[in-house]
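Here is how names work: the chains are called A, B, and so on, in the same order as the sequence lines, proteins then strands, and each is numbered from 1.
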Amino acid sequence: MRLKTPEIYSVELSGTEDVGKTDTGDGKEKYRGLKDKRLELKKNHQKEELKKEVDLEDHKLSIKELERKYGTNIVTGLSSTQAAELLARNGPNALTPPKETPEIVKFPQADGAILCWIAYGIQYFNDKSSSLDSVYLGCVLALVVILTGIFAYYQEAKSTNIMASFSKMIPQQALVIRDSEKKTVPAEQLVVGDIVEIKGGDKIPADIRLLSTQGCKVDNSSLTGNLTPSLRTHDNPLEAENPWNKMSTSPVGTATGMVINTGDRTIIGQIASLASGVGHEKTPIAIEIEHFVHIVAGVAVSIGILFFIIAVSMKYYVLDSIIFLIGIIVANVPEGLLATVTVTLSLTAKRMAKKNCLVKNLEAVETLGSTSIICSDKTGTLTQNRMTVAHLWFDNQIFVADTSEDHSNQVFDQSSGTWASLSKIITLCNRAEFRPGQESVPIMKKVVVGDASETALLKFSEVILGDVMEIRKRNRKVAEIPFNSTNKFQLSIHETDDPSDKRFLMVMKGAPERVLEKCSTIMVNGQEQPLDDSTAEAFHTAYMELGGLGERVLGFCHLYLPADKFPETYSFDVDTVNFPTSNLCFVGLLSMIDPPRSTVPDAVTKCRSAGIKVIMVTGDHPITAKAIAKSVGIISANSETVEDIAKRLNIPVEQVSKRDAKAAVVTGMELKDMSPEQLDELLTDYSEIVFARTSPQQKLIIVEGCQRQDAVVAVTGDGVNDSPALKKADIGIAMGIAGSDAAKNAADMVLLDDNFASIVTGVEEGRLIFDNLKKTIAYTLTKNIAELCPFLIYIIAGLPLPIGTITILFIDLGTDIIPSIALAYEKAESDIMNRKPRHKKKDRLVNAPLAIYSYLHIGLMQALGAFVVYFTVYAQEGFRPSALINLRVEWEKDSVNDLEDSYGQEWTQYQRKYLEWTGYTAFFVGIMIQQIADLIIRKTRRNSIFQQGLFRNKVIWVGIASQIIIALILSYGLGSVSALNFTMLRPQYWFVAVPHAILIWVYDEVRKLFIRLYPGSWWDKNMYY
Amino acid sequence: MRRQLRSRRAPAFPYGYRYRLDDQDEVNQNYLADEEEEAEEEARVMVVHDLEEEEEEEEKEEEEEEEEEGQGQPTSNALWQKLQIVNEHLWDPEKRMSLARTGQSWSLILVIYFFFYASLAAVITLCMYTLFLTISPYMPTFTERVKPPGVMIRPFAHSLNFNFNVSEPDTWQHYVISLNGFLQGYNDSLQEEMNVDCPPGQYFIQDGNEDEDKKACQFKRSFLKNCSGLEDPTFGYSTGQPCILLKMNRIVGFRPELGDPVKVSCKVQRGDENDIRSINYYPESASFDLRYYPYYGKLTHVNYTSPLVAMHFTDVVKNQAVPVQCQLKGKGIINDVINDRFVGHSQMDT
């Protein structure tokens, strides 16, 4: 009863996205749905909590109160059992990694499978002996879904593993007092109430309340974004000097503290979970794919319904018509595309990984290409994240120091005697030291024990003078007053290395104005001169200038203590200060900055020319921020802020017309008072914007503001404070070396070399992949029509079915896969970095011209070509086209074994079936041959193939070869396997479609020619996809 | 004026449904606020109504409907907004555009597509024309798919099972009618009038041009003796001795190899050999005589009648299914193709 068993094609209706989630992780998704709600609540809660700026009171309690509160003892620590109990109750001291189901490119292919089974059910209900074709098909579709799901999961897992390897590389240890013993335990096992000891260079394992300290400072840069341990008030635990926060590093000294918060309850954990509470936006490519699915579904459903009506009015049984409807919908689905897109994306991801962009989320590969705004963090991203000596001022002159990554060529004048003295002060008045055992490491990469400025000075002097440690040894230190915030200077007294000179040398550095106060003379060209008004004036000018560059300025002075008053045996007492600290000799100024990375200015320029707006968002001081912005080109050389104009014209800021200013520097305080509308205005009005002194929440607000402009926002950052913004952004980019784990977790992409320039590569690859995906989809969609038409003709004209389901699957998942992947290797047609980023809502992946051109032009041509092959086969075997019309019913009757053809020959059912399979094979070969032409024309969208180079992309030819070889194997190798419905085709039939393939190529060349000849014309608008 | 209102609102809503997807809670929270805003806007719209001209009555209705919807649920309201946008896309009266194209653009498209498809049709016609040029109308290019010849039985009534009750003519009457109808073309008078009596035992080869009409050999109904329906108009069905005719499928140019005629032999496929006891074949040789071959095709061999072999099951076991398999035997006949029970053999239950 063939009547009741029309071939059912593959289904894959694109339903709503909810249905689409039936993918691989059904359970997970559901779980996630539940979790979202919870997160939502949590998010609101947390946001408020953080806005209250954390209710930590512990730093205000006394030690006794603390001991009571946490049931511990600062001497003996917790007992092991207590600790184990607390560990069990509160969980390990580790941040919960954000649980995320990878958003793989979703195709509701599962629906296809289900539809197939439904179709089978209907058929079975109708006729118990109906063929199992649709069941097979359903199984194949389900298998495809599962396989691609596994593949995507594998890809994600691989990236995640790389990430995991980052954090696991150095298992963090903590020295803890438990049971009155010092023990080293993994930091994960710390519990509240533990007493921990911190040494210089350690990462602080949890939030601790400081109990005692010895010259210990803490670097909270990953938390606040600031490099230097800033002076803080006690009001805000984020900024307070005590307690210290997890993840901060303490570069110098030792300290003991009590753990007051662990794991997710630490301040860092709270920021991290604020980050995970921020909903991940759908990636642009996911939106595009969804849009594409809508188009395909629209086409499928409308054709399906149209033909349902036609079938019903042609007096088919309603049940048959329903099966036709399902069949048409199924036929429209590009089964192979999911796999192709995934593979294409992961190929690009791999390529990017080679260029040091590790993509965590596959879809993010494209996102970077659509990026229109990059919000970049300053410290560590644009800058090197280390203080470096930038300028020197001595002999009434400002010298520029080399701030490049290796400090190699210091060009300033080193002959002056002043420099000799200055260099000595720099070397001696410094407590920073290289950590031992780093002889082979280049100077700039050596690890230093000391704070940022001292490190800078140490490295600076090491580069210029050579072995600093040796110099210090020769000039033995006899006394020292360390830097503190009240003195604002640091002082040390040394023996000199000149054996004949028995004097002591006192060296001092500190805040320039404080240092100058203590001086009465100034050294010029190696000679001491009295400090008069003019030299003081010169000093102030230099100080202001360097300060204006956003640099941290230090003053240096020295004094040779007279040998008569201070003999060799003199004992200096730093507490009573039994030596002079005034009337010193001022030697010079030295300014330091965290310099921009050398590759950044170029990268910023490239982003500009690619139409990407680069915005700096930093927690740093506005002046520093602006200076860096200027030096990297975020604020271009000739643009001014409102304040600049006011200063230049010498008028109040209010009088400046805002139109004149291209750049703007906005501080967090100003941002706080802005309404969203004002922020929008700000973002649209100025092309060059710097946000300074911003909090994590404000970063989030800025990102949201950018997203309101329909921009695709990339955020780069390294600190924990950046992680909410990284998460909120369309694509978060974290730094691989300097970045904190929280940032890396929140990001979609990790720059392994911390190089901002890698972003440019990412943008380029992202844009290329978008273009190439367009080509791939166009290629894939085309043959859908050639697969659909036979079915429609079968319904309307009653021809024996020209191509079967399984054969279609062999095209979609067999011959077409490698060629469509090969398109991912296509080079760009023009300089993609010179065009504007695509508009999220206007430049779609699959636009109307693409769909129309693929479906109604090339697709139809292909269908016709394949039909010619089909008709040729039937006609040569005895069935002329006229005899085929309305033959369907008789043809498919199992019991008719003497069906007459055009020559009066009689065919049995099996002979007909075999001929039908030959027809399938012929149609298949017809499509395959024309798909080769389709593949070639899809190489370009505008340029001629010959401009692009026919042989430049070798993979295309691999694809073509694979296509032909697979077809040959199917026909000649597997032609005898009846289940596959292939037969051995006469060799001449392989060439019937060749003229049509050539026609397709010629037609497309003509199309491209007109597009190039008449840009902007009607043709261009309607035919360029 | 109203349009301004609407367009002002439009950008805020087209993607409004996304809110629901993203952030249900937020929507719920904003729900009250939304309604207020809505109400405010409705009020303004109401005022404007009086100033409106009649031509926009349709829209007014929409607007009013929207009001009702709006007071109902926010979801259906959003849906309505969406529908309205779709509607505007379909036909935008302001710019006189349908689907974002003006009439001019549409006609241009139609013209271009007309020419495009016309030339495609021309290409196809050309292809098919070339195809027909290469194909002879008399002789199929290839016959390998239709060989070896299949067989078919008569009477044929949708099923290969013969199941009837002698005492109830209704159960076998349709077989008789079918056979009678089928044998009309074999009536002796007709055959003698139309066809020639050619010598048996050798091929009836007619040389000459392809397009010459060919003569056909007689196959008279009377060859079938007891199964011809001439003596027993019920073909034995009324006595429980059914006649079944076997016909070999026509194939252009087919000649049984080496001059041996194709023979028919039937036996019980499974079960007791004795269930059928005896079969009478007519013509008695139980073979298709060589003179009926070769066949020259429908166009020139107009009066060709396929030779038949009748099998008369004279003493078949009753009230029991007897699977019978009839095979063609001869050189060049493959009768064991597994997939196709109609190539070379036929089976039936009585």
*Max heavy-atom pair count under 4.5 Å with chain B, selected residue of A:Glu877, A:Glu900, A:His996, A:Arg880*: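 Answer, by heavy-atom pair count under 4.5 Å with chain B: A:Glu877.
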
*Among the options A:Thr983, A:Leu860, A:Val896, A:Thr872, pick out the one with the most heavy-atom pairs lying under 4.5 Å from chain B.*
A:Thr872

*Describe, in one word, how the ring planes of B:Phe142 and A:Tyr989 are oriented to each other, choosing from parallel (under 30°), tilted (30 to 60°) and perpendicular (over 60°).*
perpendicular

*For the pair B:Asn249 and A:Gln905, evaluate side-chain contact (heavy atoms from CB on, under 4.5 Å) and give the outcome as yes or no after the intermediate values.*
CA-CA 7 Å; B:Asn249 280 355; A:Gln905 304 186 103; over 6 Å; no

Select one option (side chain, backbone, both, neither) describing which atoms of [X] are under 4.5 Å from chain B's heavy atoms.
{"X": "A:Phe867", "answer": "neither"}
{"X": "A:Asp901", "answer": "backbone"}
{"X": "A:Leu856", "answer": "both"}

*Is there any residue in residues 295-303 of chain B with a non-hydrogen atom under 4.5 Å from a non-hydrogen atom of chain A, and which ones are they?*
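B:Tyr295, B:Gly297, B:Lys298 fall under the 4.5 Å cut-off.
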
*Mind running side-chain contact (heavy atoms from CB on, under 4.5 Å) on B:Leu131 and A:Val868 for me, showing each step along the way?*
CA-CA 9 Å; B:Leu131 175 63; A:Val868 169; 5.9 Å; no

*In chain order, what residues pass the side-chain contact (heavy atoms from CB on, under 4.5 Å) check against A:Pro849, with sequence neighbours excluded?*
A:Asn847, A:Tyr1025

*Could you go through the side-chain contact (heavy atoms from CB on, under 4.5 Å) check for A:Trp1018 and B:Ile112 one step at a time?*
CA-CA 12 Å; A:Trp1018 180 90; B:Ile112 284 189; 3.2 Å; yes

*Would A:Leu864 and B:Leu120 satisfy side-chain contact (heavy atoms from CB on, under 4.5 Å), going step by step from the backbone distance to the final call?*
CA-CA 8 Å; A:Leu864 289 179; B:Leu120 274 191; 4.0 Å; yes

